[in-house]
Amino acid sequence: MENNKTKAKDFFMQLGLMVALYAGVVALLNILFRVINILYPQVDAYYGSSSISFPVATLLVVFPIILVLANMINKGYVQDPSRKDFFVRNWLIYITLFIAGIVLAGDVVTLLYFFIDGRELTAGFLLKVLAVAVVGGSVFGYFFDDLRNKLTGSRRNMWRVVATILVIGSIVLGFAVIGTPQKQRAMRYDDQKIMDLQNIQNQVVYYWQTKEVLPTSLEDLKDSLSTYEFVPTNDSQGKPYVYSVVGPLSFELCADFNYKSKESSQKARDLYYYGGAESGNWQHEEGTHCFERTIDPERHRPFEKNI
């Protein structure tokens with residue numbers, strides 16, 4: 001009975017260690033790739049969210065779990081060396097070595113392919129190759145040592161130090177490049193303001209198409225019979241967005257922004273969120289920034305003229 005309990009315990013500890021390890025590796029590479037994408041953005045490329053909140057949260061949870069489970073498993077080996085022969089342990093280690101080896105081989109193949117094909121080996125691409133090589137190589141090295149029973153106390157501590165440096169260094173680098181949680185929150189507010197302005201712009205165009213005159217204020221856009229009954233505000237204090245008529249077909253929309261938009265990332269967000277190039281340029285400076293828009297009557301014809 002005791003042997004069955006021990007095997008069940010070892011099974012779930014080994015499985016938990018591997019699941020936590022895979023989740024940690026994915027989160028670690030996720031952070032590094034997002035940092036590289038910010039430092040070396042590709043032209044006209046969109047990478048999705050630059051936030052590292054989820055991978056950082058994942059690492060902060062799974063990395064201590066990895067250390068605790070690895071320590072408990074090692075203590076079990078010291079008490080009973082025969083546990084190392086448990087078939088689940090060997091299978092999981094071999095599977096991990098196989099996956100790590102495939103990743104490292106694929107890393108080298110990709111690098112050689114780009115070189116032989118004459119493609120540009122950009123700094124961003126080389127850093128991603130290096131990140132995969134370092135993380136995958138560390139996983140491979142640790143479990144290869146474990147399989148060969150070379151994980152002495154000092155060598156195990158060495159791998160702990162390597163893993164800790166990789167995790168903490170990546171998190172610190174991520175916050176340094178992408179920004180603290182407070183900065184990320186402020187940048188999300190800026191993105192929300194751009195989406196609000198885009199929505200207001202669409203409503204102004206719709207109003208003009210309906211009445212062939214620009215609204216005198218944002219209050220004119222409210223319509224209890226449509227979904228646009230409440231005009232969004234500029235901040236949590238209820239400060240309104242600034243709208244002003246510049247000419248018969250021109251108007252301005254103004255908002256207060258926490259940070260200046262980056263040209264490459266803002267261009268990508270425009271294409272992804274706001275309907276492509278026709279949505280207009282939404283790059284902005286820090287502080288109050290105004291966007292001037294002019295309606296093209298040929299493109300946005302009044303509704304009765306569309307019949």
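- Side-chain contact between F125 and I36 is absent, with no heavy-atom pair separated by less than 4.5 Å.
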task: Tell me, with the steps shown, if F291 and E252 meet side-chain contact (heavy atoms from CB on, under 4.5 Å).
output: CA-CA 5 Å; F291 305 90; E252 268 190 348; over 6 Å; no
field: Intermediate values then yes/no, side-chain hydrogen bond (donor to acceptor under 3.5 Å, both in side chains), N258 and K183
entry: CA-CA 9 Å; N258 298 298; K183 182 178 180 180; over 6 Å; no
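- No side-chain heavy atom of L67 sits under 4.5 Å from any side-chain heavy atom of N71.
- Considering only heavy atoms from C-beta on, M187 comes within 4.5 Å of Y259 through its side chain.
- The side-chain heavy atoms of L28 and P55, taken from C-beta on, include no pair separated by under 4.5 Å.
- With rounding to the nearest 0.5 Å, the separation of CG in L59 from CD1 in I171 is 5.0 Å.
- Side-chain atoms of L173 and S170, non-hydrogen and from C-beta on, never get closer than 4.5 Å to each other.
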From CA spacing to verdict: side-chain hydrogen bond (donor to acceptor under 3.5 Å, both in side chains), D196, Y241: CA-CA 9 Å; D196 288 343; Y241 291 106; 2.8 Å; yes
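- In this structure, K193 fails the cation-pi test against Y189, since its NZ or CZ atom is not both closer than 6.0 Å to the six-membered ring centre and inside 45 degrees of the ring normal.
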Indicate every side-chain donor-acceptor pair of residues 89-106 with a distance under 3.5 Å to a residue at least two apart or in another chain.
from	atom 1	to	atom 2	distance (Å)
R89	NE	Y77	OH	2.7
R89	NH1	K84	O	2.8
R89	NH2	D146	O	3.4
R89	NH2	D146	OD1	2.9
T96	OG1	Y22	OH	2.8
T96	OG1	L92	O	2.8

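- The distance from the OH atom of Y207 to the CG atom of L214 is 9.0 Å, given to the nearest 0.5 Å.
- Taking 4.5 Å as the limit, every side-chain heavy atom of L253 sits out of range of all side-chain heavy atoms of C290.
- One finds the OH atom of Y243 at 13.0 Å from the CG atom of L197 (value rounded to the nearest 0.5 Å).
- Hydrophobic cluster of V161: the remaining members, joined at side-chain heavy-atom separations below 4.5 Å, are I165, listed by chain and number.
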task: Show your reasoning for whether side-chain contact (heavy atoms from CB on, under 4.5 Å) applies to D145 and W159.
output: CA-CA 10 Å; D145 280 353; W159 282 116; 3.1 Å; yes
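- Rounding to the nearest 0.5 Å gives a distance of 9.5 Å between CD of E292 and CZ of F251.
- At least one side-chain heavy atom of V139 sits less than 4.5 Å from a side-chain heavy atom of L21.
- Relative to the ring axis of W282, R293 places its NZ or CZ within 45° and under 6.0 Å from the centre.
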Residue pair Y206, F303: steps toward the ring pair (Phe, Tyr, Trp, His ring centres under 6.0 Å) verdict: CA-CA 9 Å; Y206 178 81; F303 289 132; 5.4 Å; yes
